[in-house]
Amino acid sequence: MIFTMIKINKHIKKILYPVISLSFFYIIWEISAYYIGAEIILPKPITVFNSLIQIILKQDFKIKLLSTLIRGLWGFGISFILGLTVGILAGIFKTFRMLISPIISIVRSTPVISVILLAIIWFKVDNVPIFVAFLMAFPIICGNIIEGITTTNSKLLIMAKLYNVPLYKQVLNIYIPSVFPFIIAGSSMSLGVIWKVIVAAEVLSQPKFGVGTSLNDAKAYLITEEVFAWTIIAILLSIVTENVFSLVSKKVINGKFKY
Amino acid sequence: MANLNIEIVNLNFNFSDQRIFENLNITFKRNRVTAILGPSGCGKTTLLNLISGIILPLSGSIEIPENIKYSHVFQESRLLSWKNVEDNIKFVLKSLNKEDVNFRINHYLSEMELLDFKKYYPFQLSGGMKQRVSIARAFAYPSNTIIMDEPFKGLDPSLKSSLIKLFNKVWREDERTAIFVTHDINEALMMGDDIMVLSKSPNKIIETITNPLPWSERDLNRNEIISIEKKLYKLLI
């Protein structure tokens, strides 16, 4: 019996463990809500679930979600392209790396709230979350690529140099494949960060549509179950995009970079 | 007629403050395999790096023929793990037309008995096979000089012996100047047309021996080879 239990199929484990942990979380939430007894402070899970369904069924849900999604994708896209370009240049050329490193360190250490407040002063409300997402994601992607390039196997580079392989061929055939895992890791990490900062920036900058805007409205009217519901939507957005990215990157790796 | 040998003339080289080579003079004869034999730390790899121009001497000169083109075999195979055998060789072949590239790849892979493994990735090959790919790559590259830095290090004796035989076979069909460093007397005896013994402290050539046997007759049990082997042992101890 015990032996059979140990041999539980790996796939079942993949589903079973999250179900156990989420059930535990649900029970704690249910008990806490029951003892507090004030839904304005902690609504019951069922109330939040009902609110979530109502939000999703509303006509403007799609535009609110899409607005946030588009901002996130813009922020990620700009960070990815610039992070890749600057990262590759800084990784290959030491002087450029030394010039860019202090700027990346400053951006990385700047508090998100300062960036949001400055962006509110500088940009249109719709662009604030994009700018903030860029400033948060760019150093992650760029830093990861620099790390990938500087840790590229120097023996392979010496081999290529001795065989007079041109630099562009070295970049395409040694640097990029070596850096690829770092690009994936950096992008995945930045996607995790982006949705948090986008929602925070939307809360403060109040664009017309957005998950953050709706979150702030719910807070303003003390509709706590809606605050919870929009938070769940933001979490789902993050999980879905990260999974889509992970699937796409796995396909690219399988197709082009066989290790 | 232009000198087609590689000549090292009065070369001095320091590493940090330590003098590695002082007034070193060596001639590597064209289209011969020169084995540089010496103990660890005598500067064998440094000498190869100086010849290929990775590092520069403090003074002195390395006189090389005008049209010299090197290919290399390293201690490790140095293959790109994300490329298959064929693409690994293709990676170093530039300025050649497609047909020539394909011919060279097929020819040298077949010489190295690896033609069936053309589409294999390095992780699917054994250590000896990877090193054979590395040798095939060196031959496929249109060089006139091959530089080899202990290419059989870490391989078991029978594998080493079969690789040496393969190398010699391909070599004799496509003669190029070869400079080959090793600390293994048997490797030097089996491969070297000329064997130079490099000593440690001071790092200098203390003996140059010409192999009395052509490659096809070289056998570690032959008297001529045994007598040189004894001499080399004495020099290295």
Side-chain angles (χ1 to χ4, degrees), chain A residues 80 84 87-88 91-95 141 144-188 245-259, chain B residues 45 48-55 67-96 101 104 119-125 130-131 133-151 179:
Chain A
F80 184 81
L84 192 69
I88 288 176
I92 296 174
F93 303 108
K94 204 178 172 187
T95 316
I141 296 176
N144 258 45
I145 290 165
I146 293 174
E147 199 194 331
I149 290 180
T150 49
T151 54
T152 296
N153 189 339
S154 61
K155 286 183 173 175
L156 290 180
L157 293 171
I158 291 173
M159 179 275 292
K161 230 178 204 175
L162 287 172
Y163 274 109
N164 296 312
V165 176
L167 184 63
Y168 82 91
K169 258 182 111 177
Q170 289 181 38
V171 171
L172 283 176
N173 297 287
I174 299 180
Y175 283 114
I176 291 183
S178 307
V179 168
F180 208 76
F182 290 84
I183 297 177
I184 303 287
S187 304
S188 181
F245 180 79
S246 164
L247 269 175
V248 171
S249 53
K250 261 182 198 163
K251 278 211 161 179
V252 172
I253 287 178
N254 285 339
K256 291 192 177 148
F257 301 104
K258 286 183 184 168
Y259 285 87
Chain B
T45 302
L48 291 189
N49 289 341
L50 282 160
I51 295 167
S52 19
I54 298 176
I55 48 174
N67 60 346
I68 197 153
K69 242 181 157 187
Y70 296 114
S71 52
H72 301 259
V73 182
F74 308 92
Q75 282 180 21
E76 336 73 29
S77 56
R78 299 201 189 181
L79 300 175
L80 309 182
S81 56
W82 45 89
K83 284 188 177 289
N84 64 27
V85 167
E86 182 182 23
D87 289 340
N88 258 292
I89 301 177
K90 222 178 248 178
F91 175 63
V92 302
L93 299 178
K94 53 161 193 173
S95 66
L96 296 173
V101 167
R104 280 169 179 274
K119 298 290 175 195
Y120 279 52
Y121 282 83
F123 73 88
Q124 296 169 302
L125 306 175
K130 280 191 248 189
Q131 204 55 335
V133 177
S134 171
I135 295 171
R137 177 176 64 189
F139 275 104
Y141 188 75
S143 65
N144 42 32
T145 304
I146 296 187
I147 287 182
M148 295 187 284
D149 186 2
E150 304 209 38
I179 303 168

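Each chain gets a letter, A, B and so on, in the order the sequences are listed, and its residues count up from 1.
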Under 4.5 Å from any heavy atom of chain A - which part of Tyr141(B): side chain
Part of Ile54(B) lying under 4.5 Å from any heavy atom of chain A: side chain
Residues in residues 147-160 of chain A near chain B [non-hydrogen atoms, under 4.5 Å]: Lys155(A), Leu156(A), Ile158(A), Met159(A), Ala160(A)
Separation between NZ of Lys130(B) and CZ of Arg78(B), rounded to the nearest 0.5 Å: 14.0 Å
Over 12 foreign heavy atoms within 6.0 Å of NZ, Lys119(B): yes
Geometric class of the Phe74(B)/His72(B) ring pair [parallel <30°, tilted 30-60°, perpendicular >60°]: parallel
Between Ser143(B) and Ser71(B), a side-chain donor and acceptor under 3.5 Å: yes
Side chain proximity check, Ile183(A) to Ile141(A), heavy atoms < 4.5 angstrom: no
Reference residue Tyr70(B); test side chain to side chain contact (heavy atoms under 4.5 Å, CB included); the match among Asn144(B), Ile179(B), Leu48(B), Ile147(B): Ile147(B)
Flag if over 12 foreign heavy atoms under 6.0 Å of CZ, Phe245(A): yes
